[in-house]
Protein chains: 2
Amino acid sequence: MSACEKAFNALGDPTRRMIFEKLRDRPLAVVDIADGLPVSRPAVSQHLKVLREAKLISIHRNGTKNICQIDREGVLAMRNYLDKFWDDALAAFKLTAEQTEKEKNKKS
Amino acid sequence: MSACEKAFNALGDPTRRMIFEKLRDRPLAVVDIADGLPVSRPAVSQHLKVLREAKLISIHRNGTKNICQIDREGVLAMRNYLDKFWDDALAAFKLTAEQTEKEKNKKS
DNA sequence: CTTAATGGTAAGTATTTGCTTACCGTAAGT
DNA sequence: ACTTACGGTAAGCAAATACTTACCATTAAG
C-alpha cells in the first residue's frame, strides 16, 4: 500500500479528520486531543496510530506526554497526488477533444 | 456535510480509488468501469453514486450508456483544502517558533 | 415486436472498522 | 516508596458499509 493510499484511507474517517484539524493549529498531547472529542481516549490512540502510519502526523515523547504534530510528508504526498491527477486528467481531456475534432473534420 | 468531507469519505475506499483512477485517462461507461475490477457491476454502480455525490465524477446518459468522467469541482475542492491546510499549519508552526524564541530571550 | 445491452435499485449477508472497558507500563511529583 | 498522570494494547461489541443476487426499467438493434 502506497503512502498516499494510506493517507486517503486515514482521512476517510470523520473522527480522524477532527483530530487532524485539531493539530493544524498547534502540536498537542494525546490527552488534549481526546479532550472535547466525542470518543474515548483509547479510541483517539487508535486513530493516532493510523494517522502516524499514513505519515500525516508524527509523535515524539516529552516526559510522560506523547506530543503529536502534523507531518508534512503525508500532507504533501496527497497534495502532489491531486496536483498530478488533475494535470493528467486535463491532458487526457484535451487529447480526446482534439481527436473528436479530427473525426469531425474527416466527416465533413 | 461539506463537499470536501464527502470527497475525503469517497476516496477513503480502495475500490472507489480504482474507479477514480480509471476515469483519469478517459470517460468510461459503467460497464467498462466494472470490467477488470474485482467487484460486480452493481457494486460499481453504488460506488459511482458516492463519487458523484462527492462531486468527484459527473455522469451523463448517451443512449443506453451512462458515461462517467472526472468532475473538476470535487478534485479542486480537495486540492484547495490541502493547500489551505498546509498554509495554515505552516503559519501556526512559525508563530509557535517565534513565541518559544521570545521565551528563551526572556529567560536569558 | 422481440431481443440484447446497459445499468439502477432493493434486500440480505458478511466483512470491516470504530468504539468501549479493562488492564498494564512508564514517568513525574509528593 | 507511593501516588498520580499519561497513554498504549487487547478483547469484545456494535454499527457501518461493501458486496452479492435478483429484479426491473430503458434504449437500441434485429
Side-chain angles (χ1 to χ4, degrees), chain A residues 1-23 26-71 74, chain B residues 1-23 26-71 74:
Chain A
M1 201 189 219
S2 84
C4 210
E5 291 193 4
K6 278 188 184 172
F8 275 110
N9 253 0
L11 290 189
D13 178 74
T15 309
R16 279 196 290 267
R17 280 199 299 272
M18 286 185 212
I19 294 174
F20 187 61
E21 302 211 340
K22 249 191 160 181
L23 290 173
R26 57 191 165 291
L28 286 174
V30 177
V31 82
D32 294 324
I33 295 172
D35 184 61
L37 286 186
V39 296
S40 69
R41 186 198 47 76
V44 170
S45 261
Q46 290 158 14
H47 284 310
L48 290 173
K49 192 179 179 183
V50 176
L51 287 167
R52 190 171 54 80
E53 282 171 356
K55 298 194 190 296
L56 286 167
I57 67 169
S58 63
I59 309 179
H60 68 271
R61 267 213 116 91
N62 187 357
T64 159
K65 294 193 175 182
N66 273 15
I67 309 296
C68 308
Q69 63 180 355
I70 299 298
D71 183 351
Chain B
M1 200 190 220
S2 85
C4 210
E5 290 191 5
K6 278 188 184 173
F8 275 111
N9 253 0
L11 289 188
D13 178 74
T15 308
R16 280 198 287 269
R17 280 198 299 272
M18 287 186 212
I19 295 174
F20 187 61
E21 301 212 338
K22 250 192 161 181
L23 290 172
R26 57 190 163 292
L28 286 173
V30 177
V31 82
D32 295 323
I33 296 172
D35 184 62
L37 287 186
V39 297
S40 69
R41 186 199 44 76
V44 170
S45 260
Q46 289 158 14
H47 284 310
L48 289 173
K49 192 178 178 181
V50 175
L51 287 167
R52 189 171 54 79
E53 282 170 357
K55 296 194 190 297
L56 286 167
I57 66 169
S58 62
I59 308 179
H60 67 273
R61 266 211 115 92
N62 186 358
T64 157
K65 293 192 174 180
N66 274 15
I67 308 296
C68 307
Q69 63 179 355
I70 299 297
D71 184 352

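Order of the sequence lines sets the chain letters (A, B, ...), proteins ahead of strands, with each chain counted from 1. Just so you know, these numbers use all the heavy atoms, side chains as well, and skip hydrogens, waters and symmetry mates.
Rounded to whole Å, the distance from CG on L51(B) to P on dA18(D) is 11 Å. Counting to the nearest Å, the P atom of dT6(C) and the CD1 atom of I33(B) are 13 Å from each other. One interatomic measurement links the two molecules: NZ of K49(B) to P of dG8(C), which rounds to 10 Å at whole-angstrom precision. Atom CD1 of I67(B) and atom P of dA5(C) are 17 Å apart (whole Å). The distance from atom CD1 of I19(B) to atom P of dC19(D) is 8 Å, rounded to the nearest whole Å. Going from atom CG of L37(B) over to atom C1' of dG7(C) covers 15 Å, rounded to whole Å. Between the CG atom of D35(A) and the P atom of dG7(D) there is a distance of 12 Å, rounded to whole Å. As a whole-Å value, the separation of K65(A) NZ from dC6(D) P is 6 Å.
Axis angle across the helix from dC1(C)-dG30(D) to dT30(C)-dA1(D), with five pairs used at each end and values rounded to 10°: 20°.
Listed by first and then second residue, the side chain to side chain donor-acceptor pair (under 3.5 Å) pairs involving residues 12-21 of chain A are R16(A)-H47(A), E21(A)-Y81(B) (not counting sequence neighbours).
Evaluation of the side-chain contact (heavy atoms from CB on, under 4.5 Å) rule for T64(B) yields no partner, not counting sequence neighbours. Take P27(A) and apply the side-chain contact (heavy atoms from CB on, under 4.5 Å) test, not counting sequence neighbours, and it matches I67(A), Q69(A). Shown here are the side-chain contact (heavy atoms from CB on, under 4.5 Å) partners of D32(A), two or more places apart in sequence or in another chain: L28(A), A29(A).
Counting any heavy atom pair closer than 4.0 Å across all strands shown, A29(A) reaches sugar-phosphate atoms only and no base atom.
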Nucleotide-resolved protein contact map, nucleotides 17-30 of chain C, B/S/- at heavy-atom distance under 4.0 Å: -SBBBB----SS--
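When all heavy atoms of S58(B) and D71(B) are compared, the closest pair comes out as N-CB, 3.9 Å. The two residues A54(A) and A10(A) come nearest to each other via the heavy atoms CB-CB, 4.0 Å. Among all heavy-atom pairs drawn from L56(A) and G74(A), the shortest one is CD2-C, 3.8 Å.
A distance of 4.5 Å separates CZ in R61(A) from CG in N66(A), rounded to the nearest 0.5 Å. Here the CD1 atom belonging to I59(A) is positioned 4.5 Å from the SG atom belonging to C68(A), to the nearest 0.5 angstrom.
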